[in-house]
2 protein chains.
Amino acid sequence: MDTVKRPRYASYAGAGCPVEASLELFSGKGKGMILYHLLEGTLRFNELKRRVGNMTQRMLTKQLRELESFDLIHREIYPEIPPKVEYSLTETGRTLEPILLALKDWGEQHALPKLLK
Amino acid sequence: MDTVKRPRYASYAGAGCPVEASLELFSGKGKGMILYHLLEGTLRFNELKRRVGNMTQRMLTKQLRELESFDLIHREIYPEIPPKVEYSLTETGRTLEPILLALKDWGEQHALPKLLK
DNA sequence: CAGTATCCTCGACGATACTG
DNA sequence: CAGTATCGTCGAGGATACTG
């Protein structure tokens, strides 16, 4: 099983940089998208998977676990058959909303055009 | 006989997602920090290197080149001896200011505490 | 000063198969 | 449905040495 990647360096100088620290938490593969979709509300695993596009199940699970460990999302398990698991933003996660929306706006104006060039 | 090599996934999942697109541009190793420091003004290579902490020269160069290719920073070369190269934000780069400041604030309030826990 | 050039490790990630 | 488990590759990125 893959382990969560911690700061590579015991004390990497960026460790003290709050900008890097923020990015460290939600810039992993697909995390931005996951958080963004969860702004709309609670979603089940497969709903999320559909919205997130072609991300492997393995990766989605991994990213979700990391976000959960950072207390940005909450995972609610319903002990039913078939299984049902719902993901939602935590209070802390919701504080990211303005940033996520800003990233979305900026992306539409600047990032997407450059990437699709 | 040799097996055919398959191309890696050409596009990341969520290619159309503007949030991911934004993160794609400046979430690379150290890019956030670089951009943040350049908010203060033009910096020479070694000044940047000092502020960015212990990032290898190789990595710094690479990140700078990428940011340049995205037109977020400008590289001004002075043909002198010893060499002098100055980095600054482009117009587009400067549009990131509110986001970078938001990331910094959020990082101080939420990210750093969690990472240092 | 501001970079290249090389070499090498190691872990992120995709693919696939299996399960409660 | 919502995951694990296992395997293999590939490339990010560190270390080091050299240079106009």
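The shortest distance between side-chain heavy atoms of Phe70(B) and Thr92(B) does not fall below 4.5 Å. No side-chain heavy atom of Ile34(A) sits under 4.5 Å from any side-chain heavy atom of Phe26(A).
Residues of residues 76-83 of chain A having a heavy atom closer than 4.0 Å to DNA chain D, listed by number: Pro82(A), Pro83(A).
By the side-chain contact (heavy atoms from CB on, under 4.5 Å) test, Glu91(A) pairs with Arg94(A), sequence neighbours left out. Shown here are the side-chain contact (heavy atoms from CB on, under 4.5 Å) partners of Ile77(A), two or more places apart in sequence or in another chain: Arg75(A), Val85(A). With sequence neighbours excluded, the residues satisfying side-chain hydrogen bond (donor to acceptor under 3.5 Å, both in side chains) with Glu86(A) are Tyr78(A). Evaluation of the salt bridge (charged side-chain N to carboxylate O under 4.0 Å, His left out) rule for Arg51(A) yields Glu40(A) as partners, not counting sequence neighbours. Contacts of Gln57(A) classified as side-chain hydrogen bond (donor to acceptor under 3.5 Å, both in side chains), with partners at least two apart in sequence or in another chain: none. Judged as a side-chain contact (heavy atoms from CB on, under 4.5 Å), and not counting sequence neighbours, the contacts of Lys62(B) are Met59(B), Glu66(B). The side-chain hydrogen bond (donor to acceptor under 3.5 Å, both in side chains) check on Glu97(A) picks up nothing, with sequence neighbours excluded. Under the side-chain contact (heavy atoms from CB on, under 4.5 Å) criterion, Arg58(B) pairs with Thr56(B), not counting sequence neighbours.
Out of dG3(D), dA2(C), dA2(D), the shortest distance to the side chain of Thr61(A) is found at dG3(D). Checked against dA2(D), dG14(D), dC13(C), the side chain of Val85(A) finds its nearest nucleotide in dA2(D). Considering only the side chain of Lys62(A), dA12(C) comes nearest among dC1(C), dA12(C), dC1(D). Nearest nucleotide to the Gln57(B) side chain, out of dA15(D), dT4(C), dC1(D): dT4(C).
With hydrogens and angles disregarded, no donor-acceptor distance shorter than 3.5 Å links the side chain of Ser27(B) to the backbone of Leu23(A).
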Atom pairs under 3.5 Å: protein N/O with N/O of nucleotides 5-8 of chain C:
from, atom 1, to, atom 2, distance (Å)
dT6(C), O4, Arg58(B), NE, 3.3

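If you take CG of Leu48(A) and C1' of dC1(D), they are 14 Å apart, rounded to a whole angstrom. Arg75(A) places its CZ atom 16 Å from the P atom of dC1(D), with the value rounded to the nearest Å. Atom pair Lys29(B):NZ and dG11(D):C1' shows a separation of 15 Å (rounding to whole Å applied). Atom-to-atom, CG of Asn46(B) to C1' of dC1(C) comes out at 6 Å; the value is rounded to the nearest Å. Between Met55(B) atom CE and dA15(D) atom C1' there is a gap of 16 Å when expressed in whole angstrom units. In this structure, Leu64(A) places its CG atom 17 Å from P of dC1(D), rounding to the nearest Å. One interatomic measurement links the two molecules: CD of Glu66(A) to P of dG3(D), which rounds to 15 Å at whole-angstrom precision. In this entry the distance linking NZ of Lys49(A) with C1' of dG14(C) reads 12 Å, nearest Å.
Put simply, Thr56(A) has a side-chain N or O that comes within less than 4.0 Å of OP1 or OP2 on dG14(C). Applying the 4.0 Å criterion to OP1 and OP2 of dT4(D), one finds that Arg65(A) has a side-chain N or O inside that range. Between Tyr87(A) and dC1(D) there is no side-chain N or O to OP1 or OP2 distance below 4.0 Å.
Taking a pair as Watson-Crick or G-U wobble with both distances under 3.5 Å, the runs of three or more consecutive pairs in DNA chain D are C:1-20 with D:1-20.
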Report all side-chain donor-acceptor pairs from residues 99-108 of chain A shorter than 3.5 Å, counting only partners two or more places apart or in another chain.
from, atom 1, to, atom 2, distance (Å)
Trp106(A), NE1, His110(A), ND1, 3.3
Trp106(A), NE1, Thr95(B), OG1, 2.9

